Amino acid sequence: MTIQGYVDWKGKPIINKKQHGRARAAFFVHTQMMVSNFIYITNMLNLPTYLHGIMHEDVASSATTVTNLLGATCAFSLFGAFISDSYISRFKTILIFGPLGFLGFGLLAVQAHLPSLHPPPCNIKDDLANCEKAHGWNLALLYIGLYTVAVGDGCTRSCSPALGGDQFDSDDPVEVLQKSSFFNWITFAISFGGFTGLLLLVWIENNEGWDIGFGVCALATLVGVLAIACGSPFFRNQMPTGSPLTRMLQVFVAAFRKRNLLLPESSEHLHQFSNKDTTEMDLLPHTMGFKFLDKAAIADGGEIGPWSLCTATQVEETKVVLKMIPIFFSSVFGSIPNALLLTLTVQQGNTMNTKLGAIHISPATLFIVPIAFQMVMLVIYDRFIMPCLRRITGYVGGITHLQRIGFGFVFTALATCAAALVEKRRMRIVEENGLIQDSASAVPMSVLWLLPQFFFLGVVDVTSFVGLLEFFNSEAPSGMKSIGTAIFWCTLGLASFFGTITIELANKASRDGADGRGWIEGNNLNKGHLDRFYWLLCVMQLLALCNFVYCAKRYVYRQNLHIREEKATSQAEEMTVI
């Protein structure tokens, strides 16, 4: 049976579903995501150490540089999604833009290796030390390398999950269940990549040198691209359907031109595709809401160009995106603390006792704990919890996507609360030991005190991370799957940008006293009030949670989340799901 709108690597229609797609094809996507996050997660967590210790940026600047980089990566994912959905396939987009990561990490490796391309070494923890910051050409080279990586990683990041989702037919009840597991396992691949990176790559960067570490990142980038290339004979490739943004704009223009016309009594009278057009795009059923857009599909006998007459499916595509906007913005505000907690916790840990017996523990390495917890929980959730919930609720995923997201936002609030309490204890120990002015000496408090907030962040990734990814990918129409995945990454990216703004505003509002320092300004956290900033994030998260619950209750799913055939459950359990 031919799968509508999909072709093999030779451009021929998919006739035999068993030869293309499903778990075998998804394996190559899992491999690429694992390798890319071996690099990405590790550097997002350990890069503040490089920026602070080697490039001599202060604590706030190194944190905002990383959050800005995360935001830029997610913004470029939207560009990659637009290219793949409009003009070339997701597979080709990965092959074209993936190697840019190799170039970017190569530049960073050269800069880290040559002393003339970065500031001379100094003791950044000593306030009396006159540490030269990166400037001029050296600073430019740093940002060129970082943002070249952001372009390559961003463009591939939006396409990989969408390419994996394409391997499962939404009209097949067995493959629908497999698709739900796919997003759990792709998150497992992301977590496993981060786990191995924090074990291996952090050690290489901190002990063997950042030049070698960045060189390993460059090679790993190529391995990820090659993994996708090797899967080309097995992929189901979505045929580009033209620019989705242009189609949406055409709907608005046509609806405005026909604003004075009356809608027909039945939606069946709205203009729809001809039979020859339906091979590349699914027909979407008419829905209520945004009725003024339906006027774009009224055939009044006048002009019939794309800017004057749109199809009903084209109108429904636009409605889908508009309906997701409240969920998008409420998810952005609910994700603001995540990136800040990741970067600031590393800075927090750098001031503490990082020894466990004779072993030195890098603060970034502590993220192994939540990642290991994620992997265990994802396996338990996919194999045991989800099937049980599926039998109780009748939902394919056990619970709805938005319920899973909201559950994660609750744990984000708990993570900020735990971080504030731990920081309050750290500051009390600082005062008791007279270390307020001494940032070079380690605070006599074990870095293991950070484990509670790490644990809660692990729960967040098992719940809200997977829920957001599956929600935006599943709800997006077939011709906009990469856009849907890019919207997910843009959620995290905008949250990172708002996190940067939150730091700046908090520092500006809290500057008082003789030194005029904000809560988290300068190189010495002992002089600041990071605990107060964490409490601010906690209050913001509770408000964001209330807003998300309100938007989620009003949302109507486009996809049917219930199991459509009872026998599909037993059939799916008999099949191997990677």
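Remember, predicted model here, so these are calculated numbers, not experimental data.
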* Asked: For Thr502 and Met540, what are the C-alpha separation, side-chain angles and deciding distance, and is it a side-chain contact (heavy atoms from CB on, under 4.5 Å)?
  -> CA-CA 10 Å; Thr502 302; Met540 291 174 56; 4.0 Å; yes

* Classify the side-chain pair Ser89/Asn237 by whether it contains a donor and acceptor separated by less than 3.5 Å. => no

* **Step-by-step side-chain contact (heavy atoms from CB on, under 4.5 Å) determination, Val447 to Leu450** => CA-CA 6 Å; Val447 73; Leu450 300 176; 3.8 Å; yes

* Would you find more than 12 non-hydrogen atoms of other residues, nucleotides or ligands less than 6.0 Å from Phe407 atom CZ? -> no

Side chains of residues 208-233: which donor-acceptor partners sit under 3.5 Å, not counting sequence neighbours?
{"residue": "Asp211", "atom": "OD2", "partner": "His113", "partner atom": "ND1", "Å": "2.8"}
{"residue": "Thr221", "atom": "OG1", "partner": "Cys217", "partner atom": "O", "Å": "2.8"}
{"residue": "Ser232", "atom": "OG", "partner": "Ala229", "partner atom": "O", "Å": "2.9"}

* Can you name the nearest heavy-atom pair linking Gly101 to Val149, along with the distance? -> O-CG2, 4.0 Å

* Which pairs with one or both residues in residues 143-159 pass salt bridge (charged side-chain N to carboxylate O under 4.0 Å, His left out), sequence neighbours excluded? -> Asp153-Arg157

* **Side chains of Tyr534 and Gln348 in contact at under 4.5 Å (non-hydrogen atoms)** => yes

* **Proximity of Trp185 and Phe182 rings by center, below 6.0 Å** => no

* Residues Asn206 and Asn46: side-chain donor-acceptor under 3.5 angstrom -> yes

* Would Arg426 count as a cation-pi partner of Trp449, with NZ or CZ less than 6.0 Å from the six-membered ring centre and within 45° of the ring normal? -> no

* Taking atom types as modelled and ignoring hydrogens, do the side chains of Gln541 and Thr416 form a donor-acceptor contact shorter than 3.5 angstrom? -> no

* Any side-chain heavy-atom pair of Val443 and Asn526 under 4.5 Å -> yes

* Give a yes/no verdict on a cation-pi contact between Arg24 and Phe235, requiring under 6.0 Å between NZ or CZ and the six-membered ring centre and an angle within 45° of the axis. => no

* Pair Asp85 + Arg90: basic N to acidic O under 4.0 Å -> yes

* Asked: Hey, what do you get for CD1 (Ile380) to CG (Asn184), rounding to the nearest 0.5 Å?
  -> 12.5 Å

* Looking only at heavy atoms, what is the nearest atom pair of Leu537 and Pro337, with distance? -> O-CG, 4.3 Å

* Asked: Could you give the distance from CD (Gln32) to CD1 (Ile186), rounded to the nearest 0.5 Å?
  -> 8.5 Å

* **Exceeds 12 heavy-atom contacts within 6.0 angstrom, atom CZ of Phe192** => no

* **Side-chain heavy atoms of Phe472 within contact of Thr491, under 4.5 Å** => yes

* To do: With rounding to the nearest 0.5 Å, note down the distance linking CD in Glu423 to CG in Leu530.
  => 4.5 Å

* Indicate whether the side chain of Tyr50 and that of Glu57 have a donor and an acceptor atom separated by less than 3.5 Å. => no

* For Ser36 and Thr156, run side-chain contact (heavy atoms from CB on, under 4.5 Å): C-alpha distance rounded to whole Å, both residues' side-chain angles, the deciding distance at 0.1 Å, then the answer. => CA-CA 9 Å; Ser36 66; Thr156 58; over 6 Å; no

* **Ser446 to Met352 - nearest heavy-atom pair and separation** => O-CE, 3.1 Å

* Asked: With under 30° as parallel and over 60° as perpendicular, where do the rings of Phe471 and His401 fit, or are they tilted in between?
  -> perpendicular

* Are the side chain of Asp382 and the backbone N or O of Leu378 linked by a donor-acceptor pair below 3.5 Å? -> no

* Contact summary for Ala150 and Thr73, nearest pair of heavy atoms -> CB-OG1, 3.5 Å

* **Spacing of CG belonging to Leu505 relative to CD1 belonging to Ile501, to within rounding of 0.5 Å** => 7.0 Å

* Checking Ser62 side chain against Leu51 main chain: does a donor-acceptor pair fall under 3.5 Å? -> no

* Structure fact -> For Pro161 and Asn473 the tightest heavy-atom approach is O-ND2, 4.3 Å

* **Close side-chain approach of Leu146 and Leu47, heavy atoms under 4.5 Å** => yes

* Ser158 side chain to Ser77 backbone, donor-acceptor under 3.5 Å -> yes

* Asked: Is the backbone of Ile520 close enough, under 3.5 Å, to the side chain of Asn507 for a donor and an acceptor to pair up by distance?
  -> yes

* Hey, are the side chains of Phe79 and Phe97 touching, using non-hydrogen atoms and a 4.5 Å cut-off? -> yes

* Would you say Val460 and Phe465 make side-chain contact, with heavy atoms under 4.5 Å? -> no

* Asked: What's the spacing between Leu100 CG and Phe76 CZ if we round to 0.5 Å?
  -> 10.0 Å

* Under the 3.5 angstrom rule, does the side chain of His30 hit a backbone N or O of Phe28 as a donor-acceptor pair? -> no

* Quick one: does Pro120's side chain get under 4.5 Å of Glu132's, heavy atoms only? -> yes

* Asked: Within a strict 4.5 Å, meaning less than it, do heavy atoms of the Leu457 and Leu341 side chains meet?
  -> yes

* Kindly state whether the ring of Phe333 and the ring of Phe329 have centres lying under 6.0 angstrom apart. => no

* Looking at OG of Ser191 and CD1 of Ile41, how far apart are the two atoms once the value is rounded to the nearest 0.5 Å? -> 6.0 Å

* Where do Tyr40 and Ile190 land on the side-chain contact (heavy atoms from CB on, under 4.5 Å) test, with the steps shown first? -> CA-CA 9 Å; Tyr40 184 78; Ile190 292 172; over 6 Å; no

* Asked: Taking all atoms of both residues into account, what is the closest heavy-atom pair of Gly80 and Cys159, and its distance?
  -> O-SG, 4.0 Å

* Note: Arg428-Glu431 ion pair, threshold 4.0 Å (strictly below) -> no

